[in-house]
Structures are given as structure tokens and as C-alpha cells.
Peer 1: 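Please see the structure below; I have some questions.
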Amino acid sequence: METESEPYVRLASLRQLHQVMADMNTARSLADTLQTVADGAVGALGYEMAAVNLVRQDGDLVVAAFSGNSAAEALITGRVGSRESWDRRLNMGERWGDLVFIPHTEGWVLDDDDVPQWYTDGPAPRFEDEWHPSDRLFAPMYTPGVQGGSSGELLGVISVDRPRNGRHPGAWGREALQMYAFQAAIAISNARLRANMQRALVRLEREQQALRASEESFRQAFEYAPSGMAIAEMGGDQHGRILRTNDALCRLLGRPASAMRRYSFADLVHPEDIGTLLRTSAEGGRAELRLGRRDGSYVWVSLRNSVVADAADGPRFLLSHVEDIEERKRRELQLAHRASHDSLTGLPNSAELRSRLSARLCQRPAHAGAPDSLDAAYGGHPAFDAPVGHGFDFAPGAEAYDGFDHHVHTVAPEDDRDDGAKGLAVLFCDLDGFKSINDRFGHNAGDAVLIEVARRLSNGVRDGDTVARLGGDEFVILADGLGRADAQDLAVRLRNEIIQPIRAEGRAVRVGASFGIGWAHCGMTADEVLKSADERMYVEKRSRPKQHRRAG
């Protein structure tokens, strides 16, 4: 174009420039767009060489495309010039609108900076507007949106060298290069946008593929997991409703999947475990509880909940992992039972007896404003002056409520008055004549007697009372809410049951029983209560003639 006289420009040259601009905006990639910009500066604007220097993310400029000289292209394409050096170039020389022209008289100071450049030696200019080999012309490209571009963000620089007519570009040529840089900036920005969109689409497709693969993996892991899995709704009116279950959970509970969707875990859990379930559902986490089967039985499970949260809406679902622990629980209960029960009779053992007794007693704490003694606290109530161990003639018990720690204090009954008060009776039972059975008939016979005595004692008390084997031929009964007469009647009835003949090793044997009745009250230890009842038992045993201690 610059080979023609200004302002007379051939229509074919304008068409060529228009075509180049069209090609810039239809290139398939950013790299093609950059190369089209460089080629257009040579082919349509008439420069011998052109380079497109593109601003990188770190601010420096890289030679992204080159046209006009294959040797120069091989040498400087891909090389980087610092932003500092480029800012220096764009702030010196002559301003031709947005263009920057640095004549050879000033450009020599740039020979040693780090901007990649190609230099072709040649003769000195013969006339004023002739192009010198050391002249430099730059067309900065700014981000679109600001007409004229000078106040926009620098996108890159088109550097051109030597117009084909050998002269400095005139007003038309300068305007054409400036407009070309403006259109190039739009084309490069659009190409970058398309490239980013294509990368985003590729990334989105990969993410969708990964999501589909993840969903399929989850589906298979959910459906074919060896233990139970369920998804339940979280929040709203349908909170806890089961949305989906796997085959393992349906088999565990004996319920079809269609039926499971009518329930929530709260509908299936054992009533005693509902609090545990609610805490686990609200917080996520793990719990051990019982779930109901279709046949009405319950199975122990380990329930692990994970909250599946939505970034926008918050928690939405509970993913529940249900593992059958029935066998483990059975073993644990068996071990716990063995630890707390006598292996021969199946009754609570000494440790369990003391634990149950201690649970009913407390030591009154001393604190500010509290009375210094039980007598002071209860206004000198005579119940606290009475002895705590008696035989059959002991006075009835009584209970009084003290507001401390919401505990109903166990109070020993009064000694001489029968006012209907009730207390915690502790009956200490020792078998009479048991040693002779062991000696005469052997330990198997003795064991048979102990087992039968344990059965008779258990059948002779109320539900909720405790019958324990303290050791050897000693038994203890804890009976709450009894008065004096009640405790005496209970001891007589139990003794009458024990003295009936017992079948052991093919023969009928008989043992007697001595009972001591003690009364527990807070402030005592379990051992003190048992010792008191034991002492009363020996008082009762010694009070009867030896021949009457055993009925045969």
C-alpha cells in the first residue's frame, strides 16, 4: 500500500487490507490469529518484516509471530523482552498518534537492551524521509473498549521494519497502521476469549465425564456394597425419610426397597435408641443402635452418617452406612454378663451387687450454705439416730426427698414406730447345713443345691428386686420400698421356700437359711450396708437353737 502515492490508494489494496482484517477475526486459533496479524502487516500494509510481541501473564513480552524473513523468524520467535525495556521504547522517540517512531539518531541507545530484534545493515539515507536500517516503528495494541486505545491495558506491540517504498510512512500509512493495530487487538482479544471458552468447554466436558464416572462408581458401590447403605432426606417436612436403599440393607431388615421408602430411620429404630439416632442424624457421625426387622425382631447395627452438603443450599441429604453388629453385640453382652453375674447360678455377682447398691446411695456433698451434718439438714429427724441393722424385729423404713442434684435420698426407717414409711431393705441370706451336703455328697450336689436356691429366691421376689450371690452359700436380696412388716414377711416366705426338699444327685436333701435385714441410707457405703445386714444375720442365726437352723 505504501508503494502507491498518497492519498491515491488503489481499491485492490483496500480490499486486500479488508481481507486481512476479516482473516484475523476468523482464524481457528490464537496462534493462527497472531500469525495472520504479522502476515497482514507485510502483505497488506507493505512492510518488509513484522513481528507481533504479546504481553505474557508476568508482564514481559514474547515474540509470538513473525513474517517477512525466515532467518529472522527462526532467530527471534519465542524470545522474551522485559516489560521495562518495552516501556522504555514506547516512551521515547516521536509520537505518531498511537504509533511510536524511533529514528536511527536515537535508536542506537537500544542496541544493547533485552528486546529481541533483527538488524539488517544498509547505506545511510540519501534524503530526509528515506528509511534507515536502524529506524524503529512500533504500533502498540491495547485492550478493546477504549477508542484510540492509549488509555487501555497494553495487549502487545506490532513492530514493523522498512516499508517497501523505502520511505517513512505518510499520514495515510500511519493511520492505516494505527487502525490495523486497533483491529488486531480486537481480533487477538476475541481469539483469547474463544481459546478460553474452548478450554473451559473441554474442562467442563472432562468434569462432566468425571462426574458421570463418579456417579456410576457411587451407584455401583452403593448398590453392591456388602453392608447396608441408605440415603435419607435432611431438613424440611420430610426430614429423615429414606429415599434409597441397597439390597444389603433390605436383606438385613427383611423389607423390600419399595417398603423402605415409606419409612424414616426414626420409624425403624428401637424406642430406647431414638435419642441416639436423633443425635447422630443431626450431627453426622456414628452410633450403635437397634433397627426393627419386618418380623418384629430387632438387630444391632453400627450406623455411620455423612452429611451430603450442597454448596448453595446447605445440608440436604444423609448418607447412612449400616453394618450388622448383632454377633459382636451378642458377644459383648455375654462378656458383660459373665463379668457381672455368677457363672453357676446366673445371679448378679458380688461386684454387680455393690454397683447396684452404690447407685442408690450417695455421699451428701458439703457446700456453701449446706448444713454440716445430716441431722442439721433434716432438722434432727430421728430416722438418722436409729440403728441401721436389725433382725426380724426391725422398725419400718422411710424415704425422704432432698433437693440436692435431683436425687431421692435413701433413708433408714425409724426404730420403734410403724408409720408406714418405706425403705431399701437388704436381706442377707446364709444357708444352714450346706457344708455337710458338700462333705457327704460332693460338690456336684452342692452346686445343684445352690442353683435351686437361686431359682427359689428369684421366684420369691418382685420384678425389679435384686437377688445376688455374694459368694459361697451367701445370697443378698435388695428390695426397695418395703416397710418393717414387709421385709419380715419376705424373709419368712423365702426361708420357707428354701427349706423345702431339693433334688440333688438323685437324692432329696434339705438346707436351712438364716436372714438378717439391714436398711440402707445415703451417707453409707455399700460395704457398710452389707456388713450391717451380715451382722444382723449372725444375730438371727445365733438366736435359734442349732437343731432348728435346718429343717432336716
Peer 1: Looking at Y263, is R255 sitting on its ring face, NZ or CZ under 6.0 Å from the six-membered ring centre and within 45 degrees of the normal?
Peer 2: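 Pair R255/Y263 counts as cation-pi.
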
Peer 1: Could you give me the CA-CA distance, side-chain angles and deciding distance for R83 and L154, then say whether side-chain contact (heavy atoms from CB on, under 4.5 Å) is met?
Peer 2: CA-CA 11 Å; R83 182 61 176 266; L154 183 67; 3.7 Å; yes

Peer 1: Going by atom types only, do D295 and S297 share a side-chain donor-acceptor pair under 3.5 Å?
Peer 2: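 The answer is yes; a qualifying pair exists.
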
Peer 1: Does S217 reach the main-chain N or O of A213 with its side chain, forming a donor-acceptor pair under 3.5 Å?
Peer 2: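 Yes: the side chain of S217 pairs with the backbone of A213.
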
Peer 1: Could you tell me if R354 and S350 have a donor-acceptor pair between their side chains, going purely by distance under 3.5 Å?
Peer 2: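 Result is yes, a qualifying pair exists.
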
Peer 1: Please name the pair of heavy atoms, one in L249 and one in N246, separated by the smallest distance, quoted to 0.1 Å.
Peer 2: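 Minimum heavy-atom separation between L249 and N246: N-OD1, 3.1 Å.
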
Peer 1: Looking at L450 and D473, what are the two nearest heavy atoms and their distance?
Peer 2: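 Here L450 and D473 meet closest at CD2-CA, 4.1 Å.
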
Peer 1: Closer than 4.0 angstrom, basic N to acidic O: yes or no for R219 and E215?
Peer 2: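 Answer for the salt bridge query: no.
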
Peer 1: Are any side-chain N or O atoms of D489 and backbone N or O atoms of D486, one a donor and one an acceptor, separated by less than 3.5 Å?
Peer 2: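 Flag not set: sc D489 to bb D486 has no pair under 3.5 Å.
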
Peer 1: Are the side chain of S458 and the backbone of A454 linked by a donor-acceptor contact shorter than 3.5 Å?
Peer 2: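 The answer is yes, because a donor-acceptor pair under 3.5 Å joins these two groups.
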
Peer 1: Would R290 and E272 pass as an ion pair if we require N to O under 4.0 Å?
Peer 2: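 Between E272 and R290 there is a salt bridge, with a charged N closer than 4.0 Å to a carboxylate O.
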
Peer 1: Among R304, E323, H321, which residue satisfies the side-chain hydrogen bond (donor to acceptor under 3.5 Å, both in side chains) criterion with S227?
Peer 2: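 Looking at R304, E323, H321, the match for S227 under the side-chain hydrogen bond (donor to acceptor under 3.5 Å, both in side chains) is H321.
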
Peer 1: To the nearest 0.5 angstrom, please state how far the CG atom of L277 sits from the OG atom of S264.
Peer 2: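 Spacing of CG (L277) from OG (S264) equals 8.0 Å.
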
Peer 1: Any salt bridge between E540 and R495, counting N to O under 4.0 Å?
Peer 2: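 R495 and E540: not salt-bridged.
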
Peer 1: Looking at every non-hydrogen atom in both residues, tell me the closest pair between I498 and R456 and how far apart they are.
Peer 2: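 The answer is O-NH1, 3.4 Å.
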
Peer 1: Is E327 salt-bridged to R330, cutoff N-O under 4.0 Å?
Peer 2: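 Looking at R330 together with E327, the answer is yes, because their closest N to O distance falls below 4.0 Å.
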
Peer 1: Taking salt bridge (charged side-chain N to carboxylate O under 4.0 Å, His left out) as the definition, give me every residue that meets it alongside E535, ordered by chain and number, with sequence neighbours left out.
Peer 2: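 Testing E535 for salt bridge (charged side-chain N to carboxylate O under 4.0 Å, His left out), a comparison that skips the adjacent residues, returns none.
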
Peer 1: Is the backbone of G254 close enough, under 3.5 Å, to the side chain of R251 for a donor and an acceptor to pair up by distance?
Peer 2: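 The answer is no, because no donor-acceptor pair under 3.5 Å joins these two groups.
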
Peer 1: Is a donor on one side and an acceptor on the other found under 3.5 Å between the side chain of D273 and the backbone of H270?
Peer 2: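 No; judged by distance alone, with no hydrogens or angles, the pair does not exist.
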
Peer 1: Test your reading of the model: is there a side-chain donor-acceptor pair from S189 to the backbone of A185, 3.5 Å cut-off?
Peer 2: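 Side chain of S189 to backbone of A185, a donor-acceptor pair under 3.5 Å: yes, one is there.
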
Peer 1: Answer yes or no: is there an ion pair linking E332 with K329, defined by an N-O contact shorter than 4.0 Å?
Peer 2: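 So E332 pairs with K329 through a salt bridge.
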
Peer 1: Walk me through whether V492 and F515 qualify under side-chain contact (heavy atoms from CB on, under 4.5 Å).
Peer 2: CA-CA 9 Å; V492 170; F515 281 88; over 6 Å; no

Peer 1: Does this structure show an ion pair linking E497 with R493, if we count only N-O contacts that are shorter than 4.0 Å?
Peer 2: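 Between R493 and E497 there is no salt bridge, as every charged N stays at least 4.0 Å from the carboxylate O atoms.
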
Peer 1: Are any side-chain N or O atoms of R503 and backbone N or O atoms of G506, one a donor and one an acceptor, separated by less than 3.5 Å?
Peer 2: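 Pair found, side chain donor or acceptor close to backbone of G506.
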
Peer 1: Heavy atoms only: give me the nearest T466-P348 pair and the separation to one decimal.
Peer 2: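 Heavy atoms only, the tightest pair is CG2-CG, 4.4 Å.
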
Peer 1: Find the distance between CZ (R194) and CZ (R28) and round it off to the nearest 0.5 Å.
Peer 2: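 If we round to the nearest 0.5 Å, R194:CZ and R28:CZ are 11.5 Å apart.
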
Peer 1: So, are E216 and R212 salt-bridged, with charged N and O less than 4.0 Å apart?
Peer 2: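 No, no charged N to carboxylate O under 4.0 Å.
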
Peer 1: Just say parallel, tilted or perpendicular for the rings of F218 and F222, cut-offs at 30° and 60°.
Peer 2: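 Aromatic pair F218/F222 classed tilted.
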
Peer 1: If I take atom CD from residue E223 and atom CG from residue D247, how far apart are they, to the nearest 0.5 angstrom?
Peer 2: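 It comes to 6.5 Å.
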
